[in-house]
Amino acid sequence: MAIDDTLFRALFAAQPAGVCVVTAVGADGRPSGLTLSAVCSASRNPPLLLVCLDNGSRTLDAVRHAGTFAVNFLAVGQEGLAGLFAGKSTDKFADLAWRPSAAAEGAPLLPADRVSAYAECRVVDEIPAGDHRVLLGRIDGAGVGSSVPLVHHRRDYVRLPVPSRL
């Protein structure tokens, strides 16, 4: 059976995924970011995660320049923010009160009330993977809030039940 683009997309739409915004500061000193769900833990010791970025992404260029990036795990209710960072605008940060990461060379950390967690990472490896690059990042800083995460499933956002404890 051939795996065409439609089947490939349907296959991964069937897997619920957290929605994240990966950010970095580019060579021009401007923040860059994009929405993605291709994030996963890679190692506990040392603490590593991986993200997958499109080869043509401006954010990939920014990450390569900085050698660092932040992963902002969006909180439930942030569908609009996910849409903003999924778009092609060059001024996605204009109306956001973001703060620069200390551990990831100034990579933008989104406002605390808009994320459930964040990770500040240093690139330790880059692996070609078809039309994307897999970036392995060492987590040098992180924070976890009490918000429920934003989850994408079957091309829509779904709400998880609020856990009794975090």
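Below, all heavy atoms of this structure are taken into account, side chains as well, without hydrogens, waters or symmetry copies.
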Worksheet entry | Flag if over 12 foreign heavy atoms under 6.0 Å of CG, Asp95 | no
Worksheet item: So if you build clusters from Ile, Leu, Val, Met, Phe, Trp, Tyr with side-chain heavy-atom gaps below 4.5 Å, do Leu53 and Ile127 land together?
Response: no
Response to the item:
Rounding to 0.5 Å, atoms CG (Leu150) and CD (Glu79) come to a distance of 5.0 Å
Show which side-chain atoms of residues 16-30 pair as donor or acceptor with protein atoms under 3.5 Å away, not counting sequence neighbours.
{"residue": "Thr23", "atom": "OG1", "partner": "Pro108", "partner atom": "O", "Å": "2.6"}
{"residue": "Asp28", "atom": "OD1", "partner": "Arg30", "partner atom": "N", "Å": "2.9"}
{"residue": "Arg30", "atom": "NH2", "partner": "Thr90", "partner atom": "O", "Å": "2.7"}

Worksheet item: Would a 4.5 Å heavy-atom cut-off, applied to side chains only, mark Phe73 and Ser116 as touching?
Response: yes
Discussion item. Test of understanding: clusters of I, L, V, M, F, W, Y form through side-chain heavy atoms closer than 4.5 Å, transitively. Do Leu60 and Val39 belong to the same one?
Written reply: yes
Item to complete: Evaluate the criterion side-chain contact (heavy atoms from CB on, under 4.5 Å) for residue pair Val63 and Phe69; output intermediate values, then yes/no.
Response: CA-CA 6 Å; Val63 170; Phe69 62 93; 3.8 Å; yes
Discussion item. Check whether Tyr118 forms a cation-pi arrangement with Arg99 (NZ or CZ under 6.0 Å from the six-membered ring centre, at most 45° off the ring normal).
Written reply: yes
Worksheet item: Can you tell me how far CG of Leu11 sits from OG1 of Thr6, rounded to the nearest 0.5 angstrom?
Response: 12.5 Å
Worksheet, complete the sentence: Closest non-hydrogen atoms of Pro31 and Trp98, given as atom of the first, atom of the second and distance, are CG-CZ2, 3.9 Å
Item to complete: Specify the closest pair of heavy atoms between Ala82 and Tyr157, including all atoms of both residues, with the distance to one decimal.
Response: CB-OH, 3.4 Å
Practice prompt. Give, for atom CG of Leu49 and atom SG of Cys121, the distance between the pair rounded to the nearest 0.5 Å.
Written response: 4.0 Å
Discussion item. Less than 4.5 Å apart, side chain to side chain, heavy atoms only: is that true for Phe85 and Leu96?
Written reply: yes
Worksheet entry | Straight-line distance of Asp125 CG to Leu50 CG, nearest 0.5 Å | 11.0 Å
Discussion item. Using a 3.5 Å distance criterion without hydrogens, assess whether the side chain of His153 forms a donor-acceptor pair with backbone atoms of Ala14.
Written reply: yes
Worksheet entry | For the student: nearest non-hydrogen atoms of Pro128 and Arg133, plus distance | CB-NH1, 3.3 Å
Fill in: Worked verdict on Arg64 versus Glu126 for side-chain contact (heavy atoms from CB on, under 4.5 Å)
CA-CA 9 Å; Arg64 285 174 164 162; Glu126 179 178 331; 2.4 Å; yes
Worksheet item: Could you state the interatomic distance from CG (Leu74) to CZ (Arg114), rounded to the nearest 0.5 Å?
Response: 8.5 Å
Fill in: Check: Ala86 main-chain N/O paired with Thr35 side-chain donor or acceptor under 3.5 Å
yes
Worksheet item: CG/Leu135 to OG1/Thr68 distance, rounded to the nearest 0.5 angstrom?
Response: 11.5 Å
Response to the item:
When every non-hydrogen atom of Asp54 is compared with those of His132, the smallest separation belongs to N-CD2, 3.3 Å
Item to complete: Please check if the side chain of Asn72 supplies one atom and the backbone of Leu110 the other of a donor-acceptor pair under 3.5 Å.
Response: yes
Worksheet item: How close do Ala42 and Leu136 get, heavy atom to heavy atom, and via which atoms?
Response: CB-CD1, 3.7 Å
Worksheet, complete the sentence: Shortest non-hydrogen pair, Arg155 vs Ala13, comes out as NH1-CB, 4.2 Å
Worksheet item: Would you say the side-chain atoms of Ser57 pair up with the backbone N or O of Thr59, donor to acceptor, closer than 3.5 Å?
Response: yes
Discussion item. Looking at Lys92 and Ser32, would you say the former's side chain and the latter's main chain have a donor-acceptor pair under 3.5 Å?
Written reply: no
Worksheet item: Hey, quick one: are Val158 and Val76 part of the same hydrophobic cluster, counting side-chain heavy atoms closer than 4.5 Å, chains of contacts allowed?
Response: yes
Discussion item. Please determine whether residues Val71 and Leu109 belong to a single hydrophobic cluster, defined as Ile, Leu, Val, Met, Phe, Trp and Tyr linked transitively by side-chain heavy-atom distances below 4.5 Å.
Written reply: no
Fill in: Within one Ile-Leu-Val-Met-Phe-Trp-Tyr cluster: Val148 and Val115, side-chain cutoff 4.5 Å
no
